2 protein chains.
Amino acid sequence: MSSSLSRVTIKQVASEAGVSTQTVSRVINGRPDVAPETRERVQDVIQRMRYQPSALARSLIQQRSYTLGVVTAGLKHTGPSRALNGIAETAEQAGYALLLKELPRFDTEDVLPIFNALVSRHVDGVIWAVPEVGENRRPFGSLPVQLDVPMVFITMEAREGLASVSIDNYEGGQLATRHLIEQGYRHIGHITGPLDWWEARQRMAAWRDTLKAHGLVAADHHWAEGDWSSASGARAAEQLFARYPEMDAVFVANDQMALSVLGASCQRGPRVPEELGVVGFDDIAESAFFSPPLTTIQQDQYNLARITVQEITRLIESQRHGVEGFRLKSIVLSPRLVMRESSRGPEDHKKGGAPASG
Amino acid sequence: MSSSLSRVTIKQVASEAGVSTQTVSRVINGRPDVAPETRERVQDVIQRMRYQPSALARSLIQQRSYTLGVVTAGLKHTGPSRALNGIAETAEQAGYALLLKELPRFDTEDVLPIFNALVSRHVDGVIWAVPEVGENRRPFGSLPVQLDVPMVFITMEAREGLASVSIDNYEGGQLATRHLIEQGYRHIGHITGPLDWWEARQRMAAWRDTLKAHGLVAADHHWAEGDWSSASGARAAEQLFARYPEMDAVFVANDQMALSVLGASCQRGPRVPEELGVVGFDDIAESAFFSPPLTTIQQDQYNLARITVQEITRLIESQRHGVEGFRLKSIVLSPRLVMRESSRGPEDHKKGGAPASG
DNA sequence: CTGAAAGCGCTAACAC
DNA sequence: GTGTTAGCGCTTTCAG
């Protein structure tokens, strides 16, 4: 193992090729003002010595790193990892490298160290891909984080002065609830996500509002709180069955929790969808293969990621060009309903309609 | 918005505090040789100006970035995202930032650009967290990638001269197959992963060998190939039911595919586990809530990530201290069986045993 | 205890 | 076309 700990520098290349470092710099940057034969000679040396320019040195002098900071939390969860997936692919295409930081908990409020770690590495922009939980957006209100690095948030309530890209969870909740109503269900319960999550609260509010708008009841014993896990879904379902016996459908705030509701139906409990309509949220890969296949609300995390990267690059360019008046937009994307077997209710049977396949 | 595009430099702090940059440097690095009152004055200025040292400049001069390059592929899949999750957490604790690159495809062989992007940013080490698929390890054999950056691979066949940390997929396949045999099943089929994946081949080889070692048959029409997706699992299951009617159990190479085998049983098809024993692989979060709950092989991706980071830091230190003789180890971890309902076979009933819960 | 000088690897701005 | 000078923000070395 040849431990050539030191990297090949532009200086070495220059002296080997018998030119100045300037000329080498011109060659590696594809500048036109180099004599063809000089260029060729330099390129030969570069190849031979396996010279690789230092992005670090470049970043330092150009005040630009072509690196984006990405902050996530709970990467093992579906949402965050799908979002990161999209960000990684899109950023790559846009010519950016990614500096990744993971928060220890979703509701971490002590974000300054994280932020500084990114800023000290001269990231050109930051994507804050942590869902809004508890008070974890507070640090961005005014005080602590104040550095002038372009920043875009994913998944949060729109706020003046902060750029964000979110999926409309309220609309998703409406879609789900309205769909169950249209399918002929009349006693619709709800299993929520953890209510310190903004997304969970949005979905729940939509459930409540939609029922009321249709003259149906959304009482306090018609919902139960889960924590996104299948286990919590099973517990919540049991609670609901006990306190809301008339329940003939349930809107579950994510697919993993919905799975346990279906699971119950397969062996014991009410049959889905005849006795119990079920709609989930997320459209995870497995949902189409649950028994019965799960109707759910699809979030296009990939598109969300794409738009986020687009926004951050836009902000970066604006800042570079000294544009002062750019607006910090809050972009909101619409989810869509994917109908499968689990919500094929009385109304649908009457009409003899067949479910669409996702 | 105050567009202070330029960052606060050590020079500015120095002049503001009326000392040399040297002294400021000593303060921020916690060196002892600074007069208490000087230190305090400097620290005040640092706070007031919100000075943040540039990690970039430091990396340049110290020839060390405290940054690890991580290469992944298919982040939307369970395995890769769980591994990344573990790497992120462990690296953070070890004081490293992460530079993330995602390959466009699992079997990408053109890895030099990726590698160079990392090296040019002076990463101290690289974790290659891409599963071994097709010939995607070829570039590391000898030629293209030759730079002296410590590197650890995840999930691959042990190779001389490369450091790796893997889970023993062959052992996992043995555990699964042997378990089904012990449960009294005698006609055990197999749904494989895509066979250009090393892991899939390992699991399959173990299935075949274990059956033979027990005097059972592993014929060519006793297995079918999937692509890890639930949809492919459903297709493979149908094929197997058709060509291997006596089949009374099946070892499925991952949980997502196993899900569709269970799904079939819930509504139509053989009942699990009475008529068909099923064992999966991975132990995804949902498995315990399938109907019936799925027996599966658990890979401790988190531990794997932990050990990987440990190895890479070990290599980095060795290289720094000029240790030449360090061995590049191939570390192999054992998976474990998590028994649930789906494999509670004839033998188990005879003994009246209850399944353990995962 | 503190400061001055040199330089990490590169590029911008100017000479020639 | 090409080289020289300066400097990005910091630390190392060596004076004092």
Side-chain angles (χ1 to χ4, degrees), chain A residues 4-43 45-46 49-67 116 119-124 147 320, chain B residues 4-43 45-46 49-67 116 119-124 147 320:
Chain A
S4 74
L5 245 168
S6 56
R7 64 171 52 228
V8 180
T9 74
I10 198 172
K11 214 190 228 166
Q12 294 171 277
V13 173
S15 89
E16 182 76 14
V19 295
S20 74
T21 61
Q22 215 28 248
T23 303
V24 178
S25 173
R26 282 177 186 120
V27 170
I28 60 185
N29 288 296
R31 299 282 165 69
D33 50 352
V34 181
E37 61 171 280
T38 312
R39 159 167 285 128
E40 199 164 338
R41 185 154 37 96
V42 171
Q43 267 163 346
V45 176
I46 287 175
M49 302 181 79
R50 291 167 186 265
Y51 167 67
Q52 186 67 31
S54 160
L56 237 54
R58 272 181 177 160
S59 302
L60 201 54
I61 194 162
Q62 298 187 149
Q63 303 285 44
R64 163 152 214 175
S65 64
Y66 287 98
T67 303
N116 286 339
V119 168
S120 80
R121 284 181 167 85
H122 296 223
V123 294
D124 295 336
L147 257 157
R320 300 229 131 233
Chain B
S4 74
L5 245 169
S6 57
R7 63 170 55 227
V8 180
T9 73
I10 198 173
K11 215 190 229 163
Q12 295 172 275
V13 173
S15 87
E16 182 77 14
V19 295
S20 73
T21 61
Q22 227 25 254
T23 304
V24 178
S25 174
R26 283 179 186 117
V27 171
I28 60 186
N29 289 297
R31 298 282 164 69
D33 49 354
V34 182
E37 59 171 283
T38 310
R39 158 167 286 130
E40 199 164 338
R41 184 154 39 94
V42 171
Q43 267 163 345
V45 176
I46 287 177
M49 303 182 77
R50 292 167 183 265
Y51 167 67
Q52 186 66 32
S54 160
L56 236 56
R58 273 183 176 158
S59 302
L60 200 55
I61 196 162
Q62 297 186 150
Q63 302 285 44
R64 162 152 217 180
S65 64
Y66 287 98
T67 303
N116 286 340
V119 169
S120 81
R121 284 181 166 84
H122 296 225
V123 295
D124 294 337
L147 258 157
R320 299 226 134 236

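Predicted, not measured: the structure shown is a model, and the values here were computed from it.
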Expected output: side-chain [X] to main-chain [Y] donor-acceptor under 3.5 Å:
{"X": "R64(A)", "Y": "D124(A)", "value": "no"}
{"X": "S25(B)", "Y": "T21(B)", "value": "no"}
{"X": "S65(B)", "Y": "H122(B)", "value": "yes"}

Just to confirm, is there a sub-4.0 Å distance from OP1 or OP2 of [N] to any side-chain nitrogen or oxygen of [X]?
{"X": "R58(B)", "N": "dC10(D)", "result": "no"}
{"X": "Q12(B)", "N": "dG9(D)", "result": "no"}
{"X": "S25(B)", "N": "dC10(D)", "result": "no"}
{"X": "Q62(B)", "N": "dT12(D)", "result": "yes"}

Starting at atom [atom1] of [X], determine the distance to atom [atom2] of [N], rounded to an integer number of angstrom.
{"X": "D33(A)", "N": "dA15(C)", "atom1": "CG", "atom2": "P", "value": "17 Å"}
{"X": "Q52(A)", "N": "dC8(C)", "atom1": "CD", "atom2": "P", "value": "19 Å"}
{"X": "Q63(B)", "N": "dC10(D)", "atom1": "CD", "atom2": "P", "value": "17 Å"}
{"X": "R121(B)", "N": "dC10(C)", "atom1": "CZ", "atom2": "P", "value": "14 Å"}
{"X": "L60(B)", "N": "dG7(D)", "atom1": "CG", "atom2": "P", "value": "17 Å"}
{"X": "R39(A)", "N": "dT2(D)", "atom1": "CZ", "atom2": "C1'", "value": "13 Å"}
{"X": "I10(A)", "N": "dG7(D)", "atom1": "CD1", "atom2": "P", "value": "19 Å"}
{"X": "H122(B)", "N": "dT11(D)", "atom1": "NE2", "atom2": "P", "value": "16 Å"}

Looking for any heavy atom pair under 4.0 Å, which part of the strands does R31(A) touch: base, sugar-phosphate only, or nothing?
-> sugar-phosphate
Heavy atoms under 4.0 Å, any strand shown: does T38(B) hit a base, just sugar-phosphate, or nothing?
->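 Contact class for T38(B): sugar-phosphate only.
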So, do L60(A) and L56(A) sit near enough that their side-chain heavy atoms are less than 4.5 Å apart?
->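 No, too far: nothing below the 4.5 Å cut-off.
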How do T9(A) and A35(B) order along DNA chain C: which one's closest nucleotide is nearer the 5' end?
-> A35(B)
Extract from the structure each pairing of a protein N or O with an N or O of nucleotides 3-6 of chain D at less than 3.5 Å, listing the distance.
{"unit_1": "dG3(D)", "atom_1": "OP2", "unit_2": "S20(A)", "atom_2": "N", "d": "2.9"}
{"unit_1": "dG3(D)", "atom_1": "OP2", "unit_2": "S20(A)", "atom_2": "OG", "d": "3.1"}
{"unit_1": "dG3(D)", "atom_1": "OP2", "unit_2": "T23(A)", "atom_2": "OG1", "d": "2.7"}
{"unit_1": "dG3(D)", "atom_1": "N7", "unit_2": "R26(A)", "atom_2": "NH1", "d": "3.4"}
{"unit_1": "dG3(D)", "atom_1": "O6", "unit_2": "R26(A)", "atom_2": "NH2", "d": "2.5"}
{"unit_1": "dT4(D)", "atom_1": "O4", "unit_2": "Q22(A)", "atom_2": "NE2", "d": "3.4"}

Among V45(A), N29(A), V13(A), whose side-chain contact (heavy atoms from CB on, under 4.5 Å) with V24(A) holds?
->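 The passing option is V13(A).
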Nearest listed nucleotide, side chain of K11(A), among dC8(C), dC10(C), dC10(D) = dC8(C)
Supply the atom-to-atom distance T9(A) OG1 to Q52(A) CD, rounded to the nearest 0.5 angstrom.
-> 13.5 Å
Can you tell me how far CE of M49(B) sits from CZ of R7(B), rounded to the nearest 0.5 angstrom?
->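 Going from CZ on R7(B) over to CE on M49(B), the span is 13.0 Å.
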